2 protein chains.
Amino acid sequence: MSNSIWCFENVNLFQILCPHKLKQYQKDHFEGFKKGDVIYFPDDSSKSIFMVSKGKVKIVSYSQEGEEIVKAILGKGEIFGEKALLGEDKRDDYALACTEPTELCPMKLPDMYELMRQNEKFGLSIYKLIGFRIKKMERRFEALLHKDVKTRLCDFLKEMADEKGIESGSEVIVNHFFTQKDFADLIGTKRETVTRLFNELKQDGIIDYTRKEIRIRGVENL
Amino acid sequence: MSNSIWCFENVNLFQILCPHKLKQYQKDHFEGFKKGDVIYFPDDSSKSIFMVSKGKVKIVSYSQEGEEIVKAILGKGEIFGEKALLGEDKRDDYALACTEPTELCPMKLPDMYELMRQNEKFGLSIYKLIGFRIKKMERRFEALLHKDVKTRLCDFLKEMADEKGIESGSEVIVNHFFTQKDFADLIGTKRETVTRLFNELKQDGIIDYTRKEIRIRGVENL
DNA sequence: CAAAAAATGTAAGCTGCATCACATAAAGGT
DNA sequence: ACCTTTATGTGATGCAGCTTACATTTTTTG
């Protein structure tokens, strides 16, 4: 299990980006958000990128018809707003705090570029992270195109197990902060279907689901 | 109608990337591919990015089950392989020539970085292009999630009209090189459904479809 | 120009999952 | 502890579009 949250490709993003450690960025770099607070709106100018230092952030946009598109749900140590680095001048989605309190390390674009210049390895790993985001999106797209809901859920669980699972004997434990609605949004289905599937997997003895953790008995069975 | 193919954000990518104009890159920069030729395979190392100078290139990958995922179909002036700039070391998809002859302007990564250093505006516009690719993928994803097939097809036609349509009186003419199977792959449906829908739109007098061009009577009707 | 291959046209039947409509349970607020 | 809100559980019903199965037309090839 790669600890890809804190450490990305051997570069500790958190340490570099998290302001508490860096005197010169100490002011104004620590913001408390309440549940439901909007961190940025579409059409806000893309001046910063952010790292979640506490809580849970949801990146969403809305279709004409007002349906929600969940692009990502991010926890501690994860980065968002990174499209600003690709010449985006206005945000095209919402970033919403969805726990209380949610805390962020914002990093202004010029500061970011400065950091990237100073630390080439860091710069590279930021671009690499963008590359991974693209691939993740492509995988999601592919799944939606060709896989049925059950397969998508299982793949998603495997991914979680790989990214943040803890091995414990023959099981893998994944601590999570998702609701079943969150799962549904992320794999492109409805909440009811997720409920049904989790219970099916439970029945089959493959997983053990609670609101806080999922125990997977044999990732290969998914 | 923006001529976004040749000129991207006021930077003429073609002129910069196309080798014929640049003495120092004149060798080896002009490759002829036959229909079906593979330009790169997954796991090839990502050493170059390419611009199509003639023909049609398809970027695809395959799921476990062997189903095709069409990520893009590119024509003259369009760029692919750009994930190499994001620290990708191995390709994760196929690039296939699908016309004969297909010609490319390859650009080795170091040369590319050199060019980007020399011409900052160019460098920026390359990253911007990547940003646009991400947004395009996100739009496709959203469409798949929330829109029915007919809407997806209409949106796709609108996009084509916008990107490469020629206004002619009250109509917009879009010259294209897609088969109905291509359309199906790109909007995430089956060929038969595309056929049905094109004929439906024809019946309703909204479009006029031939293998070479589509005439749209009133893009707003789509 | 004939034959093969590729693209397009059409229709009937089936199914995965959304939708609707509630019931129960857990969490959070006061 | 009580009340409100949020999350989860479970059946009944419907339908968009996939599947399957051919027919026809257009393009390509030898």
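Here is how names work: the chains are called A, B, and so on, in the same order as the sequence lines, proteins then strands, and each is numbered from 1. Being a predicted model, the structure only gives us computed values, none of them experimental.
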Let me know the distance between [atom1] of [X] and [atom2] of [N], rounded to the nearest Å.
{"X": "A/Phe178", "N": "D/dT8", "atom1": "CZ", "atom2": "C1'", "value": "17 Å"}
{"X": "A/Lys190", "N": "D/dT13", "atom1": "NZ", "atom2": "P", "value": "22 Å"}
{"X": "A/Asp148", "N": "D/dA16", "atom1": "CG", "atom2": "C1'", "value": "17 Å"}
{"X": "A/Phe198", "N": "D/dT8", "atom1": "CZ", "atom2": "C1'", "value": "12 Å"}
{"X": "B/Glu200", "N": "C/dG9", "atom1": "CD", "atom2": "P", "value": "13 Å"}
{"X": "A/Leu153", "N": "C/dC17", "atom1": "CG", "atom2": "C1'", "value": "14 Å"}
{"X": "B/His146", "N": "C/dC17", "atom1": "NE2", "atom2": "P", "value": "17 Å"}
{"X": "B/Ile187", "N": "D/dG17", "atom1": "CD1", "atom2": "C1'", "value": "12 Å"}

Practice task
Determine whether the aromatic ring centres of A/Phe141 and B/Phe141 lie less than 6.0 Å apart.
Solution key: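 That pair fails the under 6.0 Å test.
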Please determine whether a side-chain nitrogen of the Lys or Arg among [X] and [Y] lies less than 4.0 Å from a carboxylate oxygen of the Asp or Glu.
{"X": "A/Arg140", "Y": "A/Glu138", "result": "no"}
{"X": "A/Lys47", "Y": "A/Glu88", "result": "no"}
{"X": "B/Asp162", "Y": "B/Lys158", "result": "no"}
{"X": "A/Asp93", "Y": "A/Lys71", "result": "yes"}
{"X": "A/Lys56", "Y": "A/Glu78", "result": "no"}
{"X": "A/Asp155", "Y": "A/Arg152", "result": "no"}
{"X": "A/Asp92", "Y": "A/Lys83", "result": "yes"}

Handout entry: Touch class at under 4.0 angstrom, heavy-atom based, for A/Thr195 against every strand present
Key = base
Practice task
Can you pull out how bent the helix from C/dC1-D/dG30 to C/dT30-D/dA1 is, comparing the axes over its first five and last five pairs, to 10°?
Solution key: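 Here the helix ends are tilted 60° relative to one another.
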Practice task
Can you see which heavy atom on A/Lys90 is nearest to which on A/Ser46, and at what distance?
Solution key: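 That would be C-OG, 3.2 Å.
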Exercise for the section: Please report the closest heavy-atom contact between B/Ile39 and B/Ala97, naming both atoms and the distance. Expected result: CD1-N, 3.9 Å
It should be established whether [X] places a side-chain nitrogen or oxygen under 4.0 Å from OP1 or OP2 of nucleotide [N].
{"X": "B/Asn199", "N": "C/dT8", "value": "no"}
{"X": "B/Gln180", "N": "C/dA6", "value": "no"}
{"X": "A/Thr193", "N": "C/dG16", "value": "no"}

Exercise for the section: Go through C/dG9, D/dT8, D/dT10 for me and flag the one nearest to the A/Arg196 side chain. Expected result: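 That would be D/dT10.
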Handout entry: Residue mapping more 5' on DNA chain C - nearest nucleotide basis, A/Arg152 or A/Lys35
Key =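 Mapping each residue to its closest nucleotide by heavy atoms, the 5'-most match is A/Arg152.
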Completion exercise
When B/Lys181 and A/Thr189 are each assigned the nearest nucleotide of DNA chain C, the 5'-most assignment goes to B/Lys181
Fill in the blank from the handout: Going 5' to 3' through nucleotides 21-27 of chain D and flagging B where a protein heavy-atom sits under 4.0 Å of the base, S where only the sugar-phosphate is that close, and - otherwise, we get B----SS
